[in-house]
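From a predicted model like this one, the values you see are computed outputs, not experimental measurements. Sequence lines set the chain letters: A, B, ... in the order given, protein chains first and strands last, and positions in each chain run from 1.
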Protein chains: 2
Amino acid sequence: MDQRVDTRSRILNIAEAAVLEKGFEATSIEEIVAGAEISRGGFFYHFKDKNALARAMLERYIDAENALYDDLFARARELNDDPLHCMLIGLKLLAEMLEEMPTGHPGCVIASTAYQDRLFDEGVRDLNRQAILGWRKRFRGMFEEIAQVYEPREAVNMDALGDMVSGVVEGGLVLQRALREHNNASEQIMLFRTYLKLLFADKK
Amino acid sequence: MDQRVDTRSRILNIAEAAVLEKGFEATSIEEIVAGAEISRGGFFYHFKDKNALARAMLERYIDAENALYDDLFARARELNDDPLHCMLIGLKLLAEMLEEMPTGHPGCVIASTAYQDRLFDEGVRDLNRQAILGWRKRFRGMFEEIAQVYEPREAVNMDALGDMVSGVVEGGLVLQRALREHNNASEQIMLFRTYLKLLFADKK
DNA sequence: GGTCAACTGGACTCGCAGTACAGTCAGGAT
DNA sequence: ATCCTGACTGTACTGCGAGTCCAGTTGACC
């Protein structure tokens, strides 16, 4: 069996693990090629430079995250058809998933690149932006569905509320990374869940 | 007047601006010394290495942030003695402050270092940790005061609620950095404010 | 006049990104 | 059977930035 079948994916796997553990800049091409058991030349054959690697990693990561959300809320919908309860179940599943990761969540590539963005070119930054806007749209849509059934007790900006899902996750990951604790992100999500329960308590 | 009176502070000012703009790794000592109009030798006279610079920057930043919170909530307390309203006013002031910064908030050094932490030594990481734990304690105390007067409608973990202030700010800053928008952090704070209003609606 | 803190300036090592390019090797097309 | 191409290997080189070493300068104060 030829190990070379998918060298590109192997590079991405190794690079992603290293980048999530210690950041993009601290990850050298040297150690990536050592891990993937290829030569430096081989690396540059697949990726023009470190920017191209970053772009590919982000694309993969975002696709995976979107697939995860799709799956999570599809499962939630199966359990309960009410849009509010679907959201609450989905968030619970998300929190559980974050908690189950023994070493804590790898940490979001989005934040990691956002804070080093001068290192990256316009393409990378745009991918980042589009991903967050995508999540805004996704959650905004879900909240609007909820608001059709439940009267919000306080007026809220729906875009901002959509962003709050991403923000709470990102913020929680920052905390857990800095504190070296394991469940801050999941706790923050659970707190956000009680927010939604309070906000959408009254059926129309 | 001797410009050299406080070279160390000048280095820190220039470094902080550069680091907040483009990240720690992307900021070279070369450009710092150029900006501060000193020699490379002069830089290393003041700071043993880049880690020492990072530590000094973090210390200064954390002190400034603590002073800002002290001032903000002291002003809020003057306006209203009720602990809940004091918190709500303080958060409003914080949101306004974030909004008034024309280029957006410089971005929190905490998150920036959290995601590049392998670059830094234990001292830097510990400073980071202590700062967040300090904020947890500060806000937890304030929420406990509130809970003595108002019955929370839902049971919440007070440590997690304290962390949520930091988390919402950090998360908002990540979003606004990645999206290149200007008011995400302040919007997230305002949303968190309505959370508190809903949570602590009933006086004991 | 001597001491010390706060530098300057230059030379050097090291690690890493990125370039260049010549050569290898397996598999499919012709 | 031969040729071509894609996926590499290996080596050598440039250039940049961090960090070290150190000898020398300058101004302040004692």
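Rounded to whole angstrom, the span from the CZ atom of B/Phe47 across to the C1' atom of C/dA6 amounts to 14 Å. Going from atom CZ of A/Phe43 over to atom C1' of C/dT19 covers 14 Å, rounded to whole Å. In this structure, B/Glu31 places its CD atom 14 Å from C1' of D/dA18, rounding to the nearest Å. One interatomic measurement links the two molecules: CD1 of A/Ile32 to P of C/dC16, which rounds to 12 Å at whole-angstrom precision. Rounded to whole Å, the distance from CD1 on A/Ile11 to C1' on D/dA7 is 11 Å. Atom pair A/Glu30:CD and C/dA17:P shows a separation of 8 Å (rounding to whole Å applied). Note: CG (B/Asp49) to C1' (D/dC21) measures 16 Å, nearest angstrom. Whole-Å rounding puts the B/Lys22 NZ to D/dG17 P distance at 10 Å.
Remark: the B/Arg40 side chain and the C/dG9 base include no donor-acceptor N/O pair separated by less than 3.5 Å.
When each of B/Glu187, B/Gln188, B/His182, B/Glu181 is paired with B/Asn184, the side-chain hydrogen bond (donor to acceptor under 3.5 Å, both in side chains) condition holds for B/Glu181 and for no other.
The two residues A/Asn128 and A/Ala114 have their closest heavy-atom pair at ND2-N, 3.8 Å.
Between B/Tyr45 and C/dC7 there is no side-chain N or O to OP1 or OP2 distance below 4.0 Å. At least one side-chain nitrogen or oxygen of A/Thr7 sits closer than 4.0 Å to the OP1 or OP2 atom of D/dC8. Between C/dC7 and B/His46, a contact under 4.0 Å exists linking OP1 or OP2 to a side-chain N or O.
A side-chain donor-acceptor contact under 3.5 Å links A/Arg125 to the backbone of A/Phe120.
Of the candidates C/dG18, C/dC16, C/dT8, C/dG18 carries the atom nearest the A/Lys50 side chain, counting heavy atoms from C-beta on. Closest to the side chain of B/Ile29, from the set D/dA7, D/dG19, D/dT9, is D/dG19.
Residues A/Ile38 and B/Thr27 each lie close to DNA chain D; by heavy-atom proximity, the contact nearer the 5' end of the strand is made by A/Ile38. Between B/Phe44 and A/Gly41, the one whose closest nucleotide on DNA chain D sits nearer the 5' end is A/Gly41.
Identified under the side chain to side chain donor-acceptor pair (under 3.5 Å) test for residues 63-74 of chain B, with sequence neighbours left out: B/Tyr61-B/Glu65, B/Asn66-B/Trp135, B/Asp70-B/Arg138, B/Asp71-B/Arg75.
Between the side chains of A/Thr113 and B/Tyr115, not a single donor N or O lies within less than 3.5 Å of an accepting N or O.
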